[in-house]
Amino acid sequence: MKKTMHGNIPSAPVRSAKPATWKRTLYRERNLWLICLPLIAWVILFNYVPMYGILMAFVDYIPGKSIFTSDWVGLKHFKDFIHSPDFGHVLRNTLAISGLNILFGFPAPIVLALLLNELRKKKFKQIVQTISYLPHFISWVVVASILFTLLGNEGILNDILLRLGWIGKPISFLGEGKYFWGIITAANIWKDIGWSTIIYLSAMAGVDSEVYEAGRVDGLGRLGAMWHITLPGIRTTIVLLWILGIGGILNAGFEQQLLIGNAQTREYYEVVDTYAYKYGIQLGNYSYGAAVGLMKAVIAVILVFSANRVSKKVLDTSIF
Amino acid sequence: MEQSFLKPSFGSRVFDLCNVVVMLVLSFAMLYPFINLLALSLNDGADAARGGIYFVPRQFSVDSYMLLFQNKHLLSGLGISILRVVVGTSTCVFMTGLLAYIVTIRGFSGRKMIRLLFLFTMYFGGGLIPTYMLMMKLGLINTFHVYWIPSLLNAYYMLIMASYMQNLPESLSESARIDGAGELLIYFRIIFPVSLPVFASIAVFSSVGHWNAWFDVILYNSNGHWDTLQVYLRRLLLEVEALQQVADQQLAYSKYRNISPLTLRAATSMVVTLPIIFVYPFFQKYFVGGITLGAVKG
C-alpha cells in the first residue's frame, strides 16, 4: 500500500459544503470498498450460492445440466422420503439420539458448573476445568479409537466384567445396535460437558456476591444457595441455550455416527444427516439428498420458533 | 466463592469433601482413556493382545512408534495435516481479522451491510449437497485448496474479533489515517499488534478445527491423494485395514514382528492427540474469553 491514500479517510471532515451523495461517499471510500470486494465476493460464492442450490430439491437434477433446464418435479422427492421404508427408523434414530442428548447432555454441564462454582480452592478449580476441556479438543476419530479400545472384545470393560464374573464371554458393545444410543450419548457428554460449563460459569460470575452473604445471614445452606440464588441467577442463560438446543434437535450428529457406527448397527445409527449423505453423495441422487436436508432445516426452524414462543409465554424469556 | 468470616458448618464441610471427590472422579474419567492409550502404545504388541493393561505398559516397547515413523502413509498424512493447519489457520486468521477490522471502522458506509451479510450465514446455509455441488463446479474436489478456501472467512470468528477491536481506542487508527496510512497498512501495523490476544484465540480454534477435520477430507478428497492424519487413523480403526497395514509393515521391516493392530492404533491416536494436549492449556485464558464474548454478542 502506498502512503498517499488520502482518499479513504472515512471520518475525515467533508471539506466542501457539497451534500454527501452515495456516489461521493463511494468515491471517498473507494479504497475500502476495493478491499471489501473480494470478501463480499467470497461470502456470496461460498454461502449464498449454495442457498440457491437448494432449488435442486424440487427438480430432477443431473450434474452438468443447470437447475433451470432440469425437469421440475415439485415435492416428489419429499414424498419419496416420507414413503420410503427407511423413513421410520431414520426419524426414530434422529429423535432418540438428539432427545437423549438433550435429556442428559443439557443438564449435565449445568450441574457440573454449579459444583465447580462451589470449589473453594482456586487452583484446584482451575486444574479441574482445564482437564475437563480436553475432550472437546479431541477429534471424533480419536474418540472412536478410544471407544474401540475400551469397549472392544479385549477392551477394559469386557475385561473387568469377565473378572467380576458378571458375564461369561465378551460382549460386542460396538457390534450390537441396542448399545449404540447409550454409547453415543455417553461419548457426547464426555466430550462436551466441560466445555459447555464455560458459558454457565461466566454467567455465575455475574451473580452479586452480596446476595450470597444475605442468604447466609438468613440461614441458607450451601445447597440452598445453589438452588435459590445461583440457579435463578443464570436462568436467562439456561433458557437461551435451551431454545437453541431445541433448534438443533435434528442435529443428532454426523461424524460420530459414521465413525462409531458400522454395518451391524446401521439400523440404530442412521440419522437424517447420514441418510442424506448416503443417498445424495455416495449414491449420486443429488436432488433426493438435497430434499432430505432441506426438510430437516425447515423442521428445525419451526421448532426454534415454537420453543421461543413457549418460553416467552411460560418463562417470559426469549431470543427474538 | 466469597470467603466468609463465619465458620463453615459441619454440613458445609461434608459438602466440600464430597464435591472434591466428585471432581477427582470426573478428572479421572476425562484423562483415563488417554492414559490407557499411552500405556498400550508403549507396550509390546503380542503381549498387549492378551489384555489386562490399565495404567502402565507391561512389556515396554517403542516398536509401534518406530514403525509408524517409517510408514510413508503416516508421514505423508502428517505432512498434509501440518500443511493444512498452517495454511488454513494463517489465511483464516488474517482474512477474518481484516474483515473484522473493516466492520469496526467508524463512519464506513458499508459496515452494517457487510456485517449482516456475514451474520446471516451463521443461521442459514445451503446444506451438505448444494455445497458439495458448488465445490465440484469450482473444481476444488481432490485438491488441497478445498481445505483452506471454503474456510477463509468465518462469521463467528468475525464477531469475536470485531468485539475486541471495538474496544480499542479510536485515536490509534485515527492518527495513522491522518498521517496518510492506507487501511491495509493500519490493519497490519497497528490493529494486528495490539489485538494479538484475540488473534491467538482464533488461531487456536481454527488450528484445532483444521487438525481434527475428518469428514471434509473423505467428502472432498475421495481419491486419497490429500489424506490427512485423521483419515489414516480412521483406516486403522477398521480391523481388516489395520491387519493389512501391519502385515505390509512386517514384510518391509522384519524386526517389528510383535506389532498388533491394537498397539499400532493406540500409537497413532497418541500422535494425533499429543500436539493438542501440549498446546491447549496455554491458550486457555484466550479461548475462554473468546467463547464468553461470542456468546454474549451472538
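To find a chain, count down the sequence lines: A is the first, B the second, and so on, and within it residues start at 1.
When heavy atoms are compared at a cutoff of 4.5 Å, B:Phe215 approaches chain A by way of both its backbone and its side chain. In this structure, chain A has heavy atoms under 4.5 Å from both the backbone and the side chain of B:Val20. Contacts between A:Ile138 and chain B at a heavy-atom distance below 4.5 Å involve backbone atoms as well as side-chain atoms. Contact annotation for A:Leu223: only side-chain heavy atoms (C-beta onward) come within less than 4.5 Å of a heavy atom of chain B. With a 4.5 Å cut-off on non-hydrogen atoms, A:Ala290 touches chain B through its backbone and its side chain both. With a 4.5 angstrom heavy-atom cutoff, A:Val128 touches chain B via backbone and side-chain atoms both. Of the atoms belonging to B:Leu153, heavy atoms from both backbone and side chain fall under 4.5 Å from chain A. For B:Ile53, the part sitting under 4.5 Å from any heavy atom of chain A is the backbone (N, CA, C, O) and nothing else. Both the backbone and the side chain of B:Ile149 have a heavy atom closer than 4.5 Å to some heavy atom of chain A. Looking at B:Ala48, there are no atoms closer than 4.5 Å to chain A (heavy atoms on both sides), in backbone or side chain. With a 4.5 angstrom heavy-atom cutoff, B:Ile114 touches chain A only via side-chain atoms. Of the atoms belonging to B:Leu99, heavy atoms from both backbone and side chain fall under 4.5 Å from chain A. Only the side chain of B:Leu140 comes within contact range of chain A, with at least one heavy atom under 4.5 Å from a heavy atom of that chain. Residue contact with chain A, scored on non-hydrogen atoms closer than 4.5 Å, involves the backbone and the side chain of B:Gln230 alike.
Between A:Tyr61 and B:Met133, the shortest heavy-atom distance links the atoms CE2-CE, 3.1 Å. B:Arg265 and A:Ser145 get closest at one heavy-atom pair: CG-OG, 3.9 Å. In terms of heavy atoms, B:Asp16 sits closest to A:Glu118 at OD1-O, 4.0 Å. What you find for A:Ile160 and B:Tyr54 is that their closest heavy atoms are CG1-OH, 4.4 Å. Nearest heavy atom pair, residue B:Pro150 against residue A:Trp42, reads O-CZ2, 3.2 Å. Of all heavy-atom pairs between A:Ile131 and B:Ser27, the closest is CG2-O, 3.8 Å.
Listed by sequence position, B:Ala29, B:Met30, B:Leu31, B:Tyr32, B:Pro33, B:Phe34, B:Asn36 are the residues of residues 29-36 of chain B in contact with chain A, using a 4.5 angstrom heavy-atom cutoff.
Looking at A:Tyr277, its side chain never comes within 3.5 Å of a backbone N or O of B:Ile129 through a donor-acceptor pair. B:Glu183 places no side-chain N or O within 3.5 Å of a backbone atom of A:Asn31 that could act as its donor or acceptor partner. Side chain of B:Asn19 to backbone of A:Leu115: a donor-acceptor contact under 3.5 angstrom is found.
Screening B:Ile276, B:Leu237, B:Thr268, B:Leu233 for a side-chain contact (heavy atoms from CB on, under 4.5 Å) involving A:Val142 leaves a single residue, B:Leu233.
Atom CD1 of A:Ile54 and atom CZ of B:Phe124 lie 10.5 Å apart (nearest 0.5 Å). The CG atom of A:Leu32 sits 5.0 Å away from the CZ atom of B:Phe108 when rounded to the nearest 0.5 Å. Residue B:Arg234 holds its CZ atom at 13.5 Å from CH2 of A:Trp140, rounded to the nearest 0.5 Å.
Partners of B:Phe282 under the ring pair (Phe, Tyr, Trp, His ring centres under 6.0 Å) rule, at least two apart in sequence or in another chain, do not exist in this structure.
Side-chain contact annotation: B:Ser12 with A:Arg222, donor-acceptor N/O pair under 3.5 Å present.
The aromatic rings of A:Trp195 and B:Phe205 stand perpendicular to each other, their planes meeting at an angle above 60°, with 30° marking the opposite boundary.
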